[in-house]
Participant: 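Take this structure, written in structure tokens, and hold onto it; I'll ask about it next.
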Amino acid sequence: MPELPEVETVMSGMRRSICDKRIDRVQVKRKDLRIPVNDDFAQQLSSKSIKSLTRRGKYIIMGLDPDNLHVILHLGMSGRIRIFGAGERYEPRKHDHIIVHLEDGTIFAFEDPRRFGLMYIASEKDWCKEKPFISMGPEPLEDWCAQDLLAKLKNKKANIKISLLDQRVVVGLGNIYVCEALYYAGVSPLRAANTISEDEAERIVKISKEVLEKAIKAGGSTLKDYQHTDGSLGYFQHSFTVYDQEGEDCSRPSCKAKIKRITQGGRSSFYCPKCQK
DNA sequence: CTCCTGTCCTGCCGGC
DNA sequence: TGCCGGCAGGACAGGA
């Protein structure tokens, strides 16, 4: 569920609350996450200092010293990080799988009812040289441009919707923001990737950036108190322009069409059949 | 190599 | 009211 803006906000919250603190102990309540938690996970983390928090795509990377270890965290679709400051009491929840106690009394819990998420220690010190990261496409808000997108779409027969969800094309976009971006770009989700023009690629890139930036801003202003880095806020806009708007009027005043829902790759796409060509 | 489908998991919601 | 089926989603495995 969380896409780039949500992950970015959770990561910033963690950075403010737990960076430069030392881990006291770690409780692993459930090992069977999407990737099983290693038996020595808790042991490896204990007494390490949290030196950095970064994000790559929808992954959060926590750097630990000494030993330069990296904890890789993915929120899946129902994952949350709840942080309790030194004075607060930790309130356990049913699906708190991993609970990290810091030496200053701060506690953070990884909660994930559906267990699509994961938390593990990278096997390489250079985490970006291993598995999910090695084949990742550009960060949409940093090094992404229309030429890069166009080059990646050139030989793709798949449709543009599926292509934009492909991590190798660009990272961080999920079902919701892809629907929104394609709507504002005026591009139908059904279009074959290799038929996207330079002009359309420009629009997709520009608008995706805007949609993501706007959502990050909304998240930043919503989460004033990062002590409660609580994924329960979920998406930062309560409703979207096309996502989940099946049967509603298209938001353009001059367009009288209704938003349509179709299934692509087993996932819902929402679009305006009149505005998106 | 690309494409496509199935799988994992739980909570929630609509229908009967 | 309670139960059941279907759906939601990111990432990946495996078959074509």
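What you see below is based on every heavy atom in this structure, not just the backbone, and it leaves out hydrogens, waters and symmetry mates. Chain naming here is simple, since letters A, B, ... match the order of the sequence lines and numbering starts at 1 in each.
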Participant: Rounded to whole Å, how long is the line connecting atom CD of A:Gln264 with atom P of C:dC7?
Facilitator: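 These atoms are roughly 16 Å apart.
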
Participant: Just by distance, with hydrogens left out, do A:Ser268 and A:Arg261 show a side-chain donor and acceptor under 3.5 Å apart?
Facilitator: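 A:Ser268 vs A:Arg261: donor-acceptor pair found between side chains.
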
Participant: Assess the side chains of A:Asp104 and A:Thr106: does a donor N or O sit below 3.5 Å from an acceptor N or O?
Facilitator: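 Indeed, the side chains of A:Asp104 and A:Thr106 share at least one donor-acceptor pair under 3.5 Å.
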
Participant: May I have the distance from A:Asn175 (atom CG) to C:dC7 (atom C1'), rounded to whole angstrom?
Facilitator: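 So the CG-C1' distance, A:Asn175 to C:dC7, works out to 12 Å.
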
Participant: With sequence neighbours left out, what residues match A:Arg115 under side chain to side chain donor-acceptor pair (under 3.5 Å)?
Facilitator: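 Here the qualifying residues are A:Asp32.
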
Participant: More than 12 heavy atoms of other residues, nucleotides or ligands under 6.0 Å from NZ of A:Lys206: yes or no?
Facilitator: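 No, NZ of A:Lys206 has 12 or fewer neighbouring heavy atoms, counting only those of other groups under 6.0 Å.
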
Participant: Would you say A:Ser268 reaches C:dA8's phosphate, i.e. side-chain N/O to OP1/OP2 under 4.0 Å?
Facilitator: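 Answer is yes, contact under 4.0 Å.
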
Participant: Can you name the closest pair of heavy atoms from A:Leu173 and A:Glu3 and give their distance?
Facilitator: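 For A:Leu173 and A:Glu3, the tightest heavy-atom pair comes out as C-OE1, 4.0 Å.
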
Participant: Using the ring of A:Tyr184 (Phe, Tyr or Trp, six-membered ring only), decide whether A:Arg203 places NZ or CZ under 6.0 Å from its centre and within 45 degrees of its axis.
Facilitator: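 Negative - A:Arg203 is either too far from the ring of A:Tyr184 or too far off its axis.
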
Participant: Return the polar atom pairs (N/O with N/O) between nucleotides 6-8 of chain B and the protein under 3.5 Å, or none.
Facilitator:
none

Participant: Only one of A:Phe133, A:Tyr59, A:Phe116 clears ring pair (Phe, Tyr, Trp, His ring centres under 6.0 Å) with A:His74; which?
Facilitator: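 Single ring pair (Phe, Tyr, Trp, His ring centres under 6.0 Å) partner of A:His74 among A:Phe133, A:Tyr59, A:Phe116: A:Tyr59.
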
Participant: Considering just the side-chain nitrogens and oxygens of A:His74, establish if one lies under 4.0 Å of OP1 or OP2 belonging to C:dG10.
Facilitator: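 Answer no for this pair, as no side-chain N or O of A:His74 is under 4.0 Å from OP1 or OP2.
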
Participant: Pull out every protein N or O sitting under 3.5 Å from an N or O of nucleotides 1-4 of chain B, one pair per line with the distance.
Facilitator:
unit_1: B:dC3; atom_1: OP1; unit_2: A:Lys157; atom_2: N; d: 2.5
unit_1: B:dC3; atom_1: OP1; unit_2: A:Ala158; atom_2: N; d: 3.3
unit_1: B:dC3; atom_1: OP2; unit_2: A:Lys156; atom_2: NZ; d: 3.2

Participant: Is the closest side-chain heavy-atom distance between A:Asp39 and A:Lys31 below 4.5 Å?
Facilitator: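 Result yes, sub-4.5 Å side-chain heavy-atom pair found.
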
Participant: Between A:His95 and B:dG11, does any side-chain N or O lie under 4.0 Å from OP1 or OP2?
Facilitator: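 For B:dG11, OP1/OP2 do have a side-chain N/O of A:His95 under 4.0 Å.
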
Participant: Reading DNA chain C 5' to 3', what string of ( ), [ ], | and . shows its pairs, if Watson-Crick and G-U wobble pairs count only when both distances fall under 3.5 Å?
Facilitator: .|||||||||||||||

Participant: Looking just at side-chain N and O atoms, do A:Lys161 and A:Asn175 make a donor-acceptor pair shorter than 3.5 Å?
Facilitator: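 Present: a donor and an acceptor within the cut-off.
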
Participant: Report the distance from atom CD1 of A:Ile35 to atom P of C:dG10, rounded to the nearest whole Å.
Facilitator: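 In whole Å, C:dG10 P lies 17 Å from A:Ile35 CD1.
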
Participant: Is the number of heavy atoms from other residues, nucleotides or ligands within 6.0 Å of NZ (A:Lys260) greater than 12?
Facilitator: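 No.
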
Participant: Look at the side-chain heavy atoms of Ile, Leu, Val, Met, Phe, Trp and Tyr, link any pair under 4.5 Å apart, and say whether A:Val10 and A:Tyr120 land in one connected group.
Facilitator: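 Looking at the clustering, A:Tyr120 is in a separate group from A:Val10.
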
Participant: Check salt bridge (charged side-chain N to carboxylate O under 4.0 Å, His left out) between A:Asp143 and all other residues, then give those that pass, not counting sequence neighbours.
Facilitator: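 So A:Asp143 forms no salt bridge (charged side-chain N to carboxylate O under 4.0 Å, His left out) with any residue.
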
Participant: For A:Ser123 and A:Glu130, does a side-chain donor sit closer than 3.5 Å to a side-chain acceptor?
Facilitator: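 Distance-only check passes for A:Ser123 and A:Glu130.
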
Participant: Quick check on C:dG10: is either OP1 or OP2 less than 4.0 Å from any side-chain nitrogen or oxygen of A:Gln167?
Facilitator: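 No, no such contact exists.
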
Participant: What residues in residues 118-150 of chain A put a non-hydrogen atom under 4.0 Å from any atom of DNA chain C?
Facilitator: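 Residues of residues 118-150 of chain A that come under 4.0 Å of DNA chain C are, in numerical order, A:Pro132.
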
Participant: Whether the A:Asp65 and A:Ser49 side chains hold a donor-acceptor pair (N or O, under 3.5 Å, no angle test) is what I'd like checked.
Facilitator: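 No, because no side-chain N or O of A:Asp65 sits under 3.5 Å from a partner of the opposite role on A:Ser49.
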
Participant: Nearest whole Å is fine: how far is C:dG10 P from A:Leu33 CG?
Facilitator: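 Value for this atom pair: 18 Å.
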
Participant: Round to the nearest Å and state the distance from A:Tyr177 atom OH to C:dG10 atom C1'.
Facilitator: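 A:Tyr177 atom OH is separated from C:dG10 atom C1' by 15 Å.
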
Participant: Starting at NE2 of A:His97 and ending at C1' of B:dC9, how long is that distance when rounded to a whole Å?
Facilitator: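 Result: 9 Å.
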
Participant: If I take atom CD1 in residue A:Ile72 and atom P in nucleotide C:dC12, what distance separates them, rounded to the nearest angstrom?
Facilitator: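 Nearest whole value for this atom pair: 12 Å.
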
